[in-house]
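Let me begin by presenting the structure, written as structure tokens, before commenting on it.
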Amino acid sequence: MNYWLFKSEPDEYSIDDLAGEPTGQGRWDGIRNYQARNLLRDQVQVDDPVFFYHSSCKQVGIAGIAQVTKAAYPDPAQYDPQSPYFDAKANTEAPRWYCVDLRFVKKFENPISLARLKAEPGLAAMVLLKQGRLSIQPVTDAQWNTILALTK
DNA sequence: GCCAACGTTGGC
DNA sequence: GCCAACGTTGGC
């Protein structure tokens with residue numbers, strides 16, 4: 001089992017959107033970066049816990065927790081010419097892009113801001129702080145626990 | 001396979 | 001809206 005941090009712009013898809021999914025699950029699609037794709041396809045497993053991170057918004061930071069309910073499968077949006085995530089070079093024999101399904105677990109009463117994460121000495125090695133642009137990131141056990149402690 | 005040009009992400 | 005960081009594209 002691995003811990004993760006997934007980034008989303010809340011204007012596009014927020015933790016409240018996930019919490020409000022009528023089926024109880026949401027699809028994490030639209031990943032169009034190879035490094036993120038590889039992590040999603042090869043390492044993200046069912047039941048892995050995920051920090052839900054809000055980027056490019058008023059309250060940048062970790063908004064809550066989700067959990068993987070379905071491991072990687074080809075992202076249907078890559079085949080849909082109407083979708084902004086359409087990829088003409090993708091085909092069903094050789095999918096390029098993958099997605100997973102998530103369920104909502106909890107929303108933090110107080111989101112943990114990026115500034116707070118930066119201020120925490122134990123988190124200096126976080127991928128988020130080292131390689132800010134990666135949208136699917138591994139989180140170590142120690143980092144996970146350190147961050148959870150900040151919510152209390 | 002190098003690398004310049006270009007596009008995107010994302011914090012501020 | 002600016003701009004730094006960095007990923008991707010494409011000519012050679």
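Below, chains carry the letters A, B, ... as their sequence lines are ordered, and counting in each starts from 1. Predicted model, so just to flag it, every value in this text is computed and none were measured. Reckoned from all heavy atoms, side chains included, excluding hydrogens, waters and symmetry mates.
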Grab the [atom1]-[atom2] distance between [X] and [N] for me, whole Å please.
{"X": "Gln137(A)", "N": "dC6(C)", "atom1": "CD", "atom2": "C1'", "answer": "14 Å"}
{"X": "Arg32(A)", "N": "dT8(B)", "atom1": "CZ", "atom2": "P", "answer": "14 Å"}
{"X": "Arg37(A)", "N": "dG7(C)", "atom1": "CZ", "atom2": "C1'", "answer": "14 Å"}
{"X": "His54(A)", "N": "dG11(B)", "atom1": "NE2", "atom2": "P", "answer": "12 Å"}
{"X": "Ile136(A)", "N": "dG10(B)", "atom1": "CD1", "atom2": "P", "answer": "11 Å"}
{"X": "Glu12(A)", "N": "dT8(B)", "atom1": "CD", "atom2": "C1'", "answer": "14 Å"}
{"X": "Ile31(A)", "N": "dT8(B)", "atom1": "CD1", "atom2": "C1'", "answer": "14 Å"}
{"X": "Asp11(A)", "N": "dG11(B)", "atom1": "CG", "atom2": "P", "answer": "13 Å"}

Touch class at under 4.0 angstrom, heavy-atom based, for Ser55(A) against every strand present: sugar-phosphate
Trp28(A): which of Phe52(A), Tyr98(A), Tyr85(A) passes ring pair (Phe, Tyr, Trp, His ring centres under 6.0 Å): Phe52(A)
Co-membership, hydrophobic cluster, residues Leu123(A) and Val139(A), 4.5 Å side-chain: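 They do share one cluster, since a chain of ILVMFWY contacts under 4.5 Å joins Leu123(A) to Val139(A).
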Transitive ILVMFWY side-chain link Leu129(A) to Tyr53(A), under 4.5 Å: yes
At what distance, to the nearest 0.5 angstrom, does [atom1] of [X] lie from [atom2] of [Y]?
{"X": "Asn145(A)", "Y": "Leu150(A)", "atom1": "CG", "atom2": "CG", "result": "11.0 Å"}
{"X": "Met126(A)", "Y": "Phe51(A)", "atom1": "CE", "atom2": "CZ", "result": "7.5 Å"}
{"X": "Ser135(A)", "Y": "Leu5(A)", "atom1": "OG", "atom2": "CG", "result": "10.0 Å"}

Pairs under 3.5 Å (N/O, protein and nucleotides 3-5 of chain B):
none

Between Trp97(A) and Tyr73(A), ring centroids under 6.0 Å: no
Residues in contact with DNA chain B, drawn from residues 113-133 of chain A - heavy-atom cutoff 4.0 Å: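 Under 4.0 Å from DNA chain B: Leu114(A), Lys118(A), Gly132(A), Arg133(A).
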Salt bridge (charged side-chain N to carboxylate O under 4.0 Å, His left out) partners of Glu12(A), counting only residues at least two apart: none
Side-chain N or O of Tyr53(A) closer than 4.0 Å to phosphate OP1/OP2 of dG11(B): yes
N or O in side chain of Lys7(A) less than 4.0 angstrom from dT9(B) OP1/OP2: no
Donor-acceptor side-chain pairing of Tyr13(A) and Arg27(A) below 3.5 angstrom: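 No, because no side-chain N or O of Tyr13(A) sits under 3.5 Å from a partner of the opposite role on Arg27(A).
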